[in-house]
Amino acid sequence: MMWNTVTLCSLGRLPHSATALLLPRLQTFSRVLERKYKDLYHDGDIPSVYRHVFEENLRNSEALIKRYSELLETVSKGGGENAILRHTQRNKKLFVRDRLKLLLDDEPFLELSPLAGLSMPYGDVPAAGCLTGIGKICGVWCVFIANDATVKGGTIYPIGVKKQLRAQEIAMQNRLLSVYLVDSGGAFLPLQSELFPDKSHGGRVFYNEAIMSAMRIPQVAVVCGSCVAGGAYIPTMAEEAVIIDKIGTLFLAGPPLVKAATGEYVTPEDLGGAQLHSKVSGCSDHFAASEKEAYECIRNVISTLNYDPLLEEITEHDSPLYHSDELLGLAPQDYRCTLPVKLILSRLMDGSRFQEFKANYGTTLVTGFGHVEGHLVGIVANNGELSHHACLKGSHFVQLCSQRSIPILFFQNTAPHTAAPTSVSQAEAQSHRLKAQASMMAAVACATVPKITLVIGGCYGSDSYVMCGRSFSPNFLFLWPNARVALVDSRHFSTVPQAGDSDYTGNESELKRLKEKLEEESSAFYSSARLWDDGVILPQNTRKVIAQCLEIIEQQKYQTVSPCQSPVMRM
Ligand code: COA
C-alpha cells in the first residue's frame, strides 16, 4: 500500500513521554488509515479493470524469463564441454566459475552483463569471454574481471574489451577495489583492427589501471593461466600480483614465436613461468604452489590493504506489502500495456511507503522518496508521456536529491513517440516540452549523487536521456526482460511514411524488412549482448539488486583514504 508518511514522521517532534503514550494509538490509527486508503484508492492492489492487461503482461514475462534462463544456461557452459574438459583435464586449471567460488566470500554476488557477446557479427562469444561483477572479499565489495580461457583461449574480442572497460568504469565511479584473474592469450587476432588502435580499445584497460592506482583504488591480480601479449600487461600493471606454479605464464610472445625468431625451443615455464617471474623478473610479487593457495594469498593481500570500509550494515527494514511476483504482470509487454507505475513502486519500497513529491502536478512523472531495504532513495518514474510539466517537476526533484545527497532511482518506461502536432497550440506545447526536457537533462547530468536506472518498459528516443539512459552515466543500468530499447518502436511503425505518402521513397518489402530489423534490435537481450546496460534482471529480483547496488555505492562513504596520489609502479 502506498501512503504518505507525514503522519508518522511528525512523531519525531513530540516529547518522549508523549510519543510513548501516543504511539500505540497512532499505530492503530495508521492501520485504520492504511485500510481506508487501500479501500479508497486500491493503490497497491491491482484493480479489476487492469486484470486482463496484467494477465497478458504475465504471459509475456513468463515466456521471456524462459528464454532468459536458456541463454544463461548456455553462457554458464563457457566455450562448451570440450573446451572445459581441455581446460580442466589437459591444462589442469579450474573453470572460471570455480575460481570465483574460492576468491569471493560465501555470499551472493552481482554478476554484470552475463549475456554480453551473444550473437555478435563475429559469432557467439559466451559472456564476452570474461566474467565481471561485484562480490565481497573479506567483507569488502570488490569488482572482479576474470578471463574464461575456455572461450578461444581467453583471447580478447572487441566485446570483451568493452566489458572490461565497463567493469573498470564501475570500479572508478564507485571507488571499488579490483581483482583481475588473468588467463588470456591477448588479442583475438582476426579482429585486431577492432581491438587495438582506438581510444576505447585494448590499451585503455592498462591506462585505466594506472589512473585507478593514482586514484588510490587498489588493484590486485592472479596469473592463473597463459598471459600473452596484452594479457601480460594486466598483472604487471596491477599493484600486487600472484602467479601460480606450472599454471601461470607471462610473456609478450610465446615459445612458437621464439622458435620462429631464433630457432630455439624453450618451454613456457622457462620462458615466463612462476619461478622466473617471482625470482628473476619481479613481474609478480607472490608465488603460489596451487590455485587454492593463490586465492587464499589474494584474500590475505586484500585483508591487509588498510581498505576496510567499516560498512554500517542496515539490519532493520520492512518488506513491501505486496508480493514481488506480481511485478511480472506489471512489466508491460509493450507501451500500450503499461499500468500505473505506483503499482510497481508499491512492490519495491519498504513497507510499500512512498513520500510523493508534487503528487498532483505533472502526473505523467512520479517523483518522491522511499526506502529500499533501509536505504533512503529518490524515485523518478515514468507514468505516461514526459510532458512539459512532468519535466519541470523532474528537474526540481532531481535537484532536491542532489542538494540532500540522496541517491536517485530512475524507473524508465518512455513513450515510443510523441503525437505529431496538428495545431499551432500543440506545436507550441511541444516546444515548451523540448525546453523543459533540456532543463531536466541538464539537472540529471549535473546531479552529483549516485544514480541507478531500471528500464522497466520502453527506452525510446530522447526521453531515455532525460530518464538517465546509458549516455548520462548512471552508476548502474539494468533492464527487465520485457524492456525494449530503440530510437523508435517497431510496433508503432505505421507512423513511418507509407506508400502513397508524399515523402514515401521506399517500397513495402523494404519497410517490412526494416520493421523486422527494428523488432529484433529492440529486445532486452539484443541490448545486453552489446553491453548497452549492466545486465537483464528479473522483475522479482529488482529490490534485491537495487539494495545490493546501494550498498556497493555506499561503501566509498566509509573509506578513509585521500582521493588522489601518484600510481604504484613496479620497480
Ligand atoms: N587469436 C585468435 N585465436 C586464438 C588466439 C589468438 N591470439 N590464441 C588462441 N586462439 C584460439 C586457437 O586457435 C584455438 O581455437 P580452436 O578452439 O577453434 O581450435 C583456441 O583459441 C584455443 O587455443 P589452444 O592453443 O588450443 O588452447 P591452449 O589452452 O592450449 O592455449 C593459448 C591457449 C592462448 C595459450 C595459446 O593458444 C596461445 O599461446 N595463443 C597465441 C597467443 C598470442 O600469440 N597472442 C598474441 C596476441 S597479440
Side-chain angles (χ1 to χ4, degrees), residues 74-75 77-99 117-118 120-131 145-165 180-198 200-207 221-237 243-262 264-274 276-277 283-284 291:
T74 309
V75 162
K77 293 186 185 129
E81 274 161 28
N82 288 342
I84 294 182
L85 276 180
R86 191 172 56 197
H87 180 83
T88 52
Q89 300 197 351
R90 191 194 73 185
N91 295 348
K92 310 250 176 304
K93 296 190 282 189
L94 290 178
F95 185 46
V96 61
R97 292 190 184 270
D98 297 321
R99 287 174 167 165
L118 292 181
M120 292 285 104
Y122 38 80
D124 274 340
V125 188
C130 64
L131 267 55
I145 299 178
N147 300 120
D148 180 356
T150 68
V151 181
K152 290 278 181 198
T155 50
I156 311 294
Y157 285 72
I159 194 71
V161 172
K162 197 171 176 188
K163 194 168 177 184
Q164 296 195 23
L165 290 177
Y180 303 86
L181 304 188
V182 201
D183 188 353
S184 165
F188 181 77
L189 284 169
L191 295 174
Q192 67 82 30
S193 69
E194 294 171 52
L195 281 164
F196 167 63
D198 210 351
S200 295
H201 283 175
R204 194 74 184 179
V205 176
F206 318 133
Y207 171 86
V222 182
V223 180
C224 47
S226 282
C227 299
V228 191
Y233 284 99
I234 291 178
T236 314
M237 291 198 67
I243 188 163
I244 307 169
D245 195 26
K246 313 250 172 1
I247 282 178
T249 51
L250 204 103
F251 27 67
L252 290 179
L257 254 149
V258 175
K259 174 99 175 107
T262 65
E264 186 190 353
Y265 175 73
V266 56
T267 65
E269 201 58 27
D270 287 344
L271 187 64
L276 178 117
H277 286 303
C283 281
S284 73
E291 289 228 31

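Both ligands and their constituent atoms are indexed starting at 1 by order of listing. Keep in mind that the numbers below use all heavy atoms, side chains included, and drop hydrogens, waters and symmetry copies.
- Within the 4.0 Å heavy-atom cutoff, Gly79 does not count among the residues contacting ligand 1.
- If you check which protein heavy atom lies closest to atom 32 (C) of ligand 1, you get Ser226 CB, 4.7 Å.
- The distance from ligand 1 to the heavy atoms of Gly153 drops below 4.0 Å at these ligand atoms: 21 (O), 22 (C), 34 (C).
- Atom 1 (N) of ligand 1 has Leu189 N, 3.1 Å as its closest protein atom, hydrogens excluded (heavy atom only).
- The two atoms that bring Ala83 and Gly79 nearest to each other are CB-O, 3.6 Å, heavy atoms only.
- Counting only non-hydrogen atoms, the option in Gly231, Gly185, Gly186 that gets closest to atom 46 (C) of ligand 1 is Gly185.
- Classification of the His87-Phe95 ring pair by plane angle, with boundaries at 30° and 60°, yields perpendicular.
- At a 4.0 Å heavy-atom cut-off, ligand 1 touches Arg90 through the side chain alone.
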Using atom types as modelled, flag every donor-acceptor pair under 3.5 Å from a side chain in residues 121-131 to any protein atom, sequence neighbours excluded.
residue	atom	partner	partner atom	Å
Tyr122	OH	Ile159	N	3.2
Asp124	OD1	Ser119	N	2.5

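- For Ser184, no heavy-atom contact with ligand 1 is shorter than 4.0 Å.
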Which pairs would a plain distance check flag for residues 244-261, meaning a side-chain donor or acceptor within less than 3.5 Å of a matching protein atom at least two apart in sequence or in another chain?
residue	atom	partner	partner atom	Å
Thr249	OG1	Ser226	OG	3.4

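- Distance from atom 2 (C) of ligand 1 to its nearest protein heavy atom, with residue and atom name: Phe188 CD1, 3.3 Å.
- Using a non-hydrogen distance threshold of 4.0 Å, Ala187 registers as a contact of ligand 1.
- Of all the atoms in ligand 1, the ones that sit under 4.0 Å from a non-hydrogen atom of Asn91 are 29 (O).
- Remark: Tyr233 OH to Cys283 SG distance equals 10.0 Å, nearest 0.5 Å.
- Selection from Leu191, Thr155, Leu257 by nearest heavy atom to atom 4 (C) of ligand 1 gives Thr155.
- Taking only non-hydrogen atoms, the option from Lys93, Gln192, Lys152 nearest to atom 16 (P) of ligand 1 is Lys152.
- For His87, no heavy-atom contact with ligand 1 is shorter than 4.0 Å.
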